[in-house]
Number of protein chains: 2
Amino acid sequence: MNIGDVAQKAGLPAKTIRYYEDIGLITPLRDTNGYRLFRESDLHKLAFLGRARALGFTIEDCRTLLALYEDDTRASADVKDLAQAHLAKIEDKITQLESMRDTLSDLVKCCAGDNRPDCPILSDLATGPH
Amino acid sequence: MNIGDVAQKAGLPAKTIRYYEDIGLITPLRDTNGYRLFRESDLHKLAFLGRARALGFTIEDCRTLLALYEDDTRASADVKDLAQAHLAKIEDKITQLESMRDTLSDLVKCCAGDNRPDCPILSDLATGPH
DNA sequence: ATAGGGCTTCCAGTCGCTGGAAGGTCAAGA
DNA sequence: TCTTGACCTTCCAGCGACTGGAAGCCCTAT
């Protein structure tokens, strides 16, 4: 398979796939013309990576997950720990964003949104909350 | 005031303040020794920027907000529109993260987390959900 | 022969800082 | 007066995870 085919099948941009090779996540073969030549196993890895990235794992987490995946002597505890740490980060992020959302939606509610200059949003930014 | 003083008062790192000058958000004076010399108005702007950034506005949004703040012929509708657009992005992001969180916490729950290799997290990444 | 699409590499840019190197300035203490 | 140490300056590089674009080769169809 050429890069276009795997890109399509894995649902990743070709650019991203080249980048993943660059940073050593995959190592496709090369055809005589210099084109990358992907095996099924490469496609499989790329799909794995795509799903891990979609769950928000960092590239370095993905590298670790891939290594664990390929190591049949792994302990599932290692995977779980990684996933739990990541989950905790996501939860933190959600909490942060919710706090922003709450403040912001209060401010938006208070703003008349007409052609007059008075604006509680700007007042809040200028002087701090309430 | 020197940069250290404003950094302390505005709650921003000195590096960040220099960066804000670099990109033209503030233009402090210069003392004869070359040190930046901050007026109260600079401090005020920095505090404004700090609060806007804490609400997740991008730097470009901050630039716009600052301009609106300093324009007393502004229409509050312009501020409100900007804030609402930003709010919508935050809500999207929260939705995304919640979806990751839900998937991930399901997977984590299903994983034994012991020293055996079997792991539903890896299985899911390898083959897709369910 | 040519046109088009796909492939290659390499470089630069994104965003918002952050770290570090190399060096000038200032106030306090010996 | 000299030195120490904290402050300030500029400039350059790096973070994460791509993404865009330029320049050029390869392959297939007309």
Side-chain angles (χ1 to χ4, degrees), chain A residues 1-38 42-43 45-46 48-66 85-86 89-90 92-93 96-97 100, chain B residues 1-38 42-43 45-46 48-66 85-86 89-90 92-93 96-97 100:
Chain A
M1 280 174 289
N2 282 348
I3 200 166
D5 305 320
V6 269
Q8 169 115 47
K9 289 185 188 168
L12 293 171
K15 278 267 183 189
T16 298
I17 295 173
R18 288 193 198 100
Y19 172 68
Y20 287 174
E21 182 185 8
D22 246 32
I23 61 173
L25 285 178
I26 52 164
T27 44
L29 303 173
R30 291 289 174 149
D31 208 339
T32 47
N33 58 11
Y35 285 20
R36 287 172 185 79
L37 194 55
F38 294 84
D42 295 314
L43 175 55
K45 275 194 201 181
L46 286 169
F48 183 104
L49 290 168
R51 279 185 286 263
R53 291 287 302 128
L55 287 178
F57 285 103
T58 65
I59 290 285
E60 284 319 301
D61 282 349
C62 289
R63 197 187 298 277
T64 306
L65 286 169
L66 213 43
H86 178 47
K89 270 182 211 144
I90 287 178
D92 280 1
K93 191 89 205 180
Q96 264 183 44
L97 286 172
M100 286 181 192
Chain B
M1 279 174 290
N2 282 347
I3 200 167
D5 304 320
V6 269
Q8 169 114 46
K9 289 185 189 168
L12 294 171
K15 278 268 183 188
T16 299
I17 295 173
R18 288 192 197 101
Y19 173 67
Y20 286 174
E21 182 185 9
D22 247 31
I23 62 173
L25 285 177
I26 51 164
T27 44
L29 303 173
R30 291 290 174 149
D31 208 338
T32 48
N33 58 12
Y35 286 19
R36 287 172 186 81
L37 194 55
F38 294 83
D42 296 315
L43 175 55
K45 276 194 200 180
L46 287 169
F48 182 104
L49 290 168
R51 278 185 287 264
R53 292 287 301 129
L55 286 178
F57 285 104
T58 65
I59 288 286
E60 285 319 302
D61 283 350
C62 288
R63 198 188 296 280
T64 305
L65 286 169
L66 214 42
H86 178 47
K89 271 183 213 144
I90 287 178
D92 280 1
K93 191 88 203 182
Q96 263 183 44
L97 287 172
M100 288 181 191

query: If you measure from CD1 on A:Ile90 to CG on B:Leu97, what distance do you get to the nearest 0.5 Å?
result: 6.5 Å
task: Would you check, one step at a time, whether the test side chain to side chain contact (heavy atoms under 4.5 Å, CB included) holds for B:Ile17 with B:Ile26?
output: CA-CA 8 Å; B:Ile17 295 173; B:Ile26 51 164; 3.9 Å; yes
I'd like a table of atom pairs between the protein and nucleotides 13-17 of chain D - only N or O on both sides, under 3.5 Å - with the distance next to each one.
from   : atom 1 : to      : atom 2 : distance (Å)
D:dA17 : OP2    : A:Ile59 : N      : 3.3
D:dA17 : O3'    : A:Arg53 : NH2    : 3.3

field: N or O in side chain of B:Arg18 less than 4.0 angstrom from D:dT10 OP1/OP2
entry: no
Inter-residue atom distance A:Ile59.CD1 - A:Leu49.CG, 0.5 Å rounding: 7.0 Å
field: Any residue of residues 1-10 of chain A with a heavy atom less than 4.0 Å from an atom of DNA chain D
entry: none
message: Which heavy atom of A:Tyr20 sits nearest to which heavy atom of A:Leu46, and what is that distance?
response: CD1-CD2, 3.9 Å
query: Where does the chain B footprint on DNA chain C start and end, counting 5' to 3' with a 4.0 Å heavy-atom cut-off?
result: C:dG16 to C:dC26
List, one per line, each side-chain donor-acceptor pair under 3.5 Å for residues 50-57 of chain B, sequence neighbours excluded.
from    : atom 1 : to       : atom 2 : distance (Å)
B:Arg51 : NE     : A:Leu125 : O      : 2.7
B:Arg51 : NH2    : A:Leu125 : O      : 3.1
B:Arg51 : NH2    : A:Ala126 : O      : 2.8
B:Arg53 : NH1    : B:Phe57  : O      : 2.5

- prompt: When rounded to the nearest 0.5 angstrom, what distance separates CG in B:Asn2 from CZ in B:Arg36?
  reply: 10.5 Å
- line: Interatomic distance, CD1@B:Ile23 vs CD@B:Glu21, rounded to 0.5 Å, equals 11.0 Å
- prompt: Looking at CZ of A:Phe48 and CG of A:Leu43, how far apart are the two atoms once the value is rounded to the nearest 0.5 Å?
  reply: 14.0 Å
statement: Sorted by number, residues from residues 25-36 of chain A placing a heavy atom under 4.0 Å from DNA chain C are A:Arg30, A:Gly34, A:Tyr35, A:Arg36
Only pairs under 3.5 Å count here: list side-chain donor-acceptor contacts from residues 6-15 of chain B, not counting sequence neighbours, and write none if there are none.
none

statement: dist A:Leu25:CG -> A:Thr16:OG1 (nearest 0.5 Å) comes out at 11.5 Å
